[in-house]
Amino acid sequence: MTSKSFEFKASNLEAWQKAAVKSAPGGDVNALNWKTPDGIVVKPLYTAEDTANLPYANTLPGFEPFLRGPQATMYAVRPWTIRQYAGFSTAEESNAFYRKALAAGGQGVSVAFDLATHRGYDSDHPRVTGDVGKAGVAIDSVEDMKILFDQIPLDKVSVSMTMNGAVLPVLAGYVVTAEEQGVSQDKLSGTIQNDILKEFMVRNTYIYPPEPSMKIIGDIIEYTAQHMPKFNSISISGYHMQEAGANQALEMAFTLADGKEYVKTAIAKGMDVDDFAGRLSFFWAVGMNFYLEIAKMRAARLLWCRIMKGFDAKNPKSLMLRTHSQTSGWSLTEQDPYNNVVRTTIEAMAAVFGGTQSLHTNSFDEAIALPTEFSSRIARNTQLIIQEETHITNVIDPWAGSYMMESLTQEMADKAWAIIEEVEAMGGMTKAVGSGWAKLKIEAAAAEKQARIDSGKDVIVGVNKYKLAKEDPIETLSIDNVKVRDGQIERLAKIRASRDSAKVQAALDALSAAAESGQGNLLDLSIQAVRLRATVGEVSDALEKAFGRHRADTQKVTGVYAAAYDDGDNVGDTMEYWNQLKADIAAFADAQGRRPRVMISKLGQDGHDRGAKVVATAFADLGYDVDMGPLFQTPEECARQAIENDVHAVGVSTLAAGHKTLVPAIIAELKKQGADDIIVFVGGVIPRQDYDMLYEAGVKGIYGPGTPIPVSAKDVLEQIKKAIG
């Protein structure tokens, strides 16, 4: 039999179409198409005709436009860097974790800071009582940073730090720690996230308004280009956009548009693009849309090369998109959590097939609590197994030439480029963010996705299909927030007592003056202040004197969640449940003379508001009156607003482990202010072993990850009815 016998024939394609019609639902081949959340139609069959006219299908890795990877040999010579993103409790405990991880095969350190540090507060500030040491490590000064990196040689170990709001004192603390280890700035390697536009869209750990925040970014790019040539001055992050609900095309488009804005900012400072662009890096989320994630990473390199060509970049390194990736935290489920090991493995393989330069794999228990040493080891070994056992690394871009993947890569690129052009028409990403448009686009995508899950259209194994009859408890890590905070306050007192206060104040005054005048480099001045033992909070306050503290407008989308139930394409009895619940809420309004009213709140410094916004949208679509509390409320402020708005219930959304402190505090405060008839319910990442404690404190409903929103909405309605008799 000759090879000619196997050549593609149009008649064969026609025969396939006839065969497909026979087995396709309703005899319609188009019913086999999959429409992605991005609006791209993925066919069940691709042929050579689909790639015949693609301009970049035959490029090589390491060469423009870098679609197939930024390096010529990729993993065949050097596998991606294995990172463990971690930080919890104290600097001492986090340091012990890092050293164990490095000894067990980790190849770099990725630091997670607590929310007090992110928001520029020292641990003794009254607004952060429930946040210190939760969801990250508490860092108040260079003394904490020295403990964090004790016996970790900073001239040899690459350090990635997820920090945006308090980026100046934290990066300064890292530099001074290295100096006191005997490591000069030019030997430091790693990345500081330093991506503030993303914070205004999704994660919300900002401090200052957008304009001065962009000044800070420009100063960091300038300083690191001059003094820290091996250090990445910014990690332009799509990760948190996808975690907040963005689909892959939105994540890619907004992230690249952010990058474009940062390049403009650096050029405006008088820098040549090739002096800094080679040290810009990116950060992607990798979720369960396997094909789309691979295509996204390939398409992103193509588009970044196009963008940088537009800035007349000449150095090939300026044209390369290099990226860190992290498996999705949002895709992890509280129910049947060992399934998360499989999810993370699939996501890790997508990241590798997409050509990531470093990777963090999430632990299976992170939908419930902070990861344990046991779960972290499984997450790290997932990468080691892929690197050492599968031989995946032996082939550069193994998806190259795939009819489907090359077509999908081009479609992803075209879809994202159209969004980038829309952003440019608005005047750039700063304008798009400032108007609230970008944030609302992501929130609409999040609400649509949640509705598809709750209505059963999108299957989540163990959550809305194949559910366990009984869940076995798993061991989780718990942080004693009070103990950590007391220890931090004690260390702060010692630092303030032992330093030269006059010199510290002079350095802080110089920083305030530079922020006010726009003259001088703010990172340089921050390093000078931190050398003298100025704290994170003091440096942040010095800048706040000139810049002020940003207050975000609270908006919510409406109608998007309900649309998933109203399109007539529902699974099982979800439509009947939805309509009955709407009728029950309408009946309540008729009986009481007003609709049930809830206030959705975020307490403490937890700015992750995807869940809060989606719940607010769904409750409003069902017929509730919904108020959104501003971010970063104290329990006292929340109680006062709830009383003023005359709500029936307060819903607290929590993802950062502060529930044991903050939720009892809001209940106590409502009682103190004479409003204990207002019920409190809680949703988010809450270990089951904490449920009894919360119920004893007075919580009326707890809704963990995976709870269908209509189910929680019905329960809240019943609790309101009980409360009003």
Subject >> Asp609 side chain to Ala612 backbone, donor-acceptor under 3.5 Å >> reply: no

Original post:
To the nearest 0.5 Å, what is the distance between NZ (Lys457) and CG (Asn464)?
Top reply: 12.5 Å

Original post:
Looking at side-chain heavy atoms only, is the closest gap between Thr117 and Met163 below 4.5 Å?
Top reply: yes

**OP:** Work out which heavy atom in Arg610 is nearest to a heavy atom in Ala446; give both atom names and the distance.
**Re:** NE-CB, 4.0 Å

Subject >> Which atom of Tyr206 lies closest to which atom of Phe632, heavy atoms considered >> reply: OH-CE1, 3.8 Å

**OP:** Determine, step by step, whether Leu603 and Ile666 satisfy the side-chain contact (heavy atoms from CB on, under 4.5 Å) criterion, reporting the C-alpha distance in whole Å, the side-chain angles of both residues, the deciding distance to 0.1 Å, and the verdict.
**Re:** CA-CA 9 Å; Leu603 300 179; Ile666 178 65; 4.1 Å; yes

Subject >> Asp621 and Lys582: CA distance, side-chain angles, deciding distance, side-chain contact (heavy atoms from CB on, under 4.5 Å) verdict >> reply: CA-CA 9 Å; Asp621 287 354; Lys582 287 180 72 174; over 6 Å; no

Original post:
Atom CG in Leu250, atom CE in Met201: separation rounded to 0.5 Å?
Top reply: 10.0 Å

Original post:
Once you round to the nearest 0.5 Å, how far does OG1 of Thr356 lie from CD1 of Ile294?
Top reply: 12.5 Å

Subject >> Between Gln193 and Lys198: side-chain donor-acceptor atoms closer than 3.5 Å >> reply: yes

Subject >> Crowding at CZ, Phe588 (>12 non-hydrogen neighbours, <6.0 Å) >> reply: yes

Original post:
Does a side-chain heavy-atom distance below 4.5 Å link Arg551 with Pro209?
Top reply: no

Subject >> Derivation of the ring pair (Phe, Tyr, Trp, His ring centres under 6.0 Å) call for His550 and Phe200 >> reply: CA-CA 10 Å; His550 182 65; Phe200 293 116; 5.0 Å; yes

**OP:** Looking only at non-hydrogen atoms, find the nearest pair between Ala300 and Leu321 and report the distance.
**Re:** O-CD1, 3.5 Å

**OP:** Examine distances only and state if a side-chain atom of Thr36 and a backbone atom of Asp38 form a donor-acceptor pair shorter than 3.5 Å.
**Re:** yes

Original post:
Donor-acceptor pair, Gln248 side chain versus Lys296 backbone, under 3.5 Å?
Top reply: no

Original post:
Looking only at atom types and distance, does a side-chain atom of Asp114 sit under 3.5 Å from a main-chain N or O of Gly136, one as donor and one as acceptor?
Top reply: no

Original post:
Does the Asn232 side chain pair with the main chain of Ile234, one donor and one acceptor, at a distance under 3.5 Å?
Top reply: no

Original post:
Does a donor on one side chain sit under 3.5 Å from an acceptor on the other, for Arg594 and His648?
Top reply: yes

**OP:** Show the numbers, then the answer: is there a side-chain hydrogen bond (donor to acceptor under 3.5 Å, both in side chains) between Asp414 and Gln410?
**Re:** CA-CA 6 Å; Asp414 293 343; Gln410 188 62 51; 3.0 Å; yes

Original post:
Between the side chains of Glu199 and Asn204, is a donor N or O closer than 3.5 angstrom to an acceptor N or O?
Top reply: no

Original post:
So Glu718 and Lys700, salt bridge (charged side-chain N to carboxylate O under 4.0 Å, His left out) or not? Walk me through it.
Top reply: CA-CA 10 Å; Glu718 295 305 317; Lys700 298 302 182 185; over 6 Å; no

Subject >> Geometric cation-pi criterion, Arg549 with Tyr121: 6.0 Å, 45° >> reply: yes

Subject >> Pairwise distance CD(Glu366) to OG1(Thr344) - rounded to 0.5 angstrom >> reply: 8.0 Å

**OP:** Measure from the side-chain N and O atoms of Asp195 to the backbone N and O of Ser237, and report whether any donor-acceptor pair falls under 3.5 Å.
**Re:** yes

**OP:** Return yes if a side-chain donor-acceptor contact under 3.5 Å exists between Asp258 and Thr255, otherwise no.
**Re:** no

Original post:
If we only count heavy atoms from C-beta on, is the Val647 to Val598 side-chain gap below 4.5 Å?
Top reply: no

Subject >> CE on Met214 to NZ on Lys264, rounded to 0.5 Å >> reply: 9.5 Å

Subject >> Pi-cation contact, Tyr624 with Arg597 (under 6.0 Å, within 45°) >> reply: no

Original post:
Does the side chain of Glu251 come within less than 4.5 Å of Trp284's, by heavy atoms?
Top reply: yes

**OP:** Please round to the nearest 0.5 Å and tell me the distance separating atom CD of Glu411 and atom CG of Leu292.
**Re:** 10.0 Å

Original post:
Out of Trp417, Phe311, Phe282, which residue meets the ring pair (Phe, Tyr, Trp, His ring centres under 6.0 Å) rule with Trp304?
Top reply: Phe282

**OP:** Compute whether any side-chain donor of one residue and acceptor of the other, for Glu293 and Gln242, lie under 3.5 angstrom apart.
**Re:** yes

Subject >> Side chain proximity check, Val626 to Ile600, heavy atoms < 4.5 angstrom >> reply: yes

Subject >> Donor + acceptor pair across side chains of Thr409, Arg298 (<3.5 Å) >> reply: yes

Original post:
Going by heavy atoms in the side chains, are Phe681 and Val652 under 4.5 Å from each other?
Top reply: no

**OP:** Determine the minimum heavy-atom distance between Ala367 and Pro705, stating which atoms define it.
**Re:** O-CG, 3.6 Å

**OP:** Specify the closest pair of heavy atoms between Ala618 and Ile709, including all atoms of both residues, with the distance to one decimal.
**Re:** CB-CG2, 3.4 Å

**OP:** Using the salt bridge (charged side-chain N to carboxylate O under 4.0 Å, His left out) rule, take Glu669 and Arg640 through it: C-alpha gap first, then chi angles, then the decisive distance, then the call.
**Re:** CA-CA 9 Å; Glu669 194 61 35; Arg640 187 161 57 249; over 6 Å; no

Original post:
Is the gap between the ring centers of Tyr239 and Trp330 under 6.0 Å?
Top reply: no

Subject >> Neighbour count above 12 (heavy atom, 6.0 Å) for Lys465 NZ >> reply: no

Subject >> Cationic N near anionic O, under 4.0 Å, Glu443 to Lys439 >> reply: yes

Original post:
Between Asp131 (side chain) and Gln605 (backbone), is there a donor-acceptor pair under 3.5 Å?
Top reply: yes

Subject >> Lys431 atom NZ, over 12 foreign heavy atoms within 6.0 Å >> reply: no

Original post:
Given the rule in the side-chain contact (heavy atoms from CB on, under 4.5 Å) test, do Ile236 and Phe283 qualify, once you have shown the distances and angles that lead to the verdict?
Top reply: CA-CA 6 Å; Ile236 305 153; Phe283 176 24; over 6 Å; no

**OP:** List the atom of Ser540, the atom of Tyr208, and the distance in Å for their closest heavy-atom pair.
**Re:** O-OH, 3.0 Å

Original post:
Do any N or O atoms from the side chain of Thr327 and from the backbone of Val286 form a donor-acceptor pair under 3.5 angstrom?
Top reply: no

**OP:** Verify, without hydrogens or angle tests, whether Asn194 (side chain) and Asn164 (backbone) share a donor-acceptor contact under 3.5 angstrom.
**Re:** no

**OP:** Measure the shortest side-chain to side-chain distance between Tyr561 and Pro710 over non-hydrogen atoms and say whether it is less than 4.5 angstrom.
**Re:** yes

Original post:
With no hydrogens and no angle check, is any side-chain donor or acceptor of Glu347 less than 3.5 Å from a backbone partner on Ser328?
Top reply: yes

**OP:** Could you please spell out the steps behind the side-chain contact (heavy atoms from CB on, under 4.5 Å) verdict for Thr654 and Val682?
**Re:** CA-CA 7 Å; Thr654 175; Val682 188; 3.8 Å; yes

Original post:
Would you call Pro635 and Cys638 a side-chain contact if the rule is heavy atoms closer than 4.5 Å?
Top reply: no

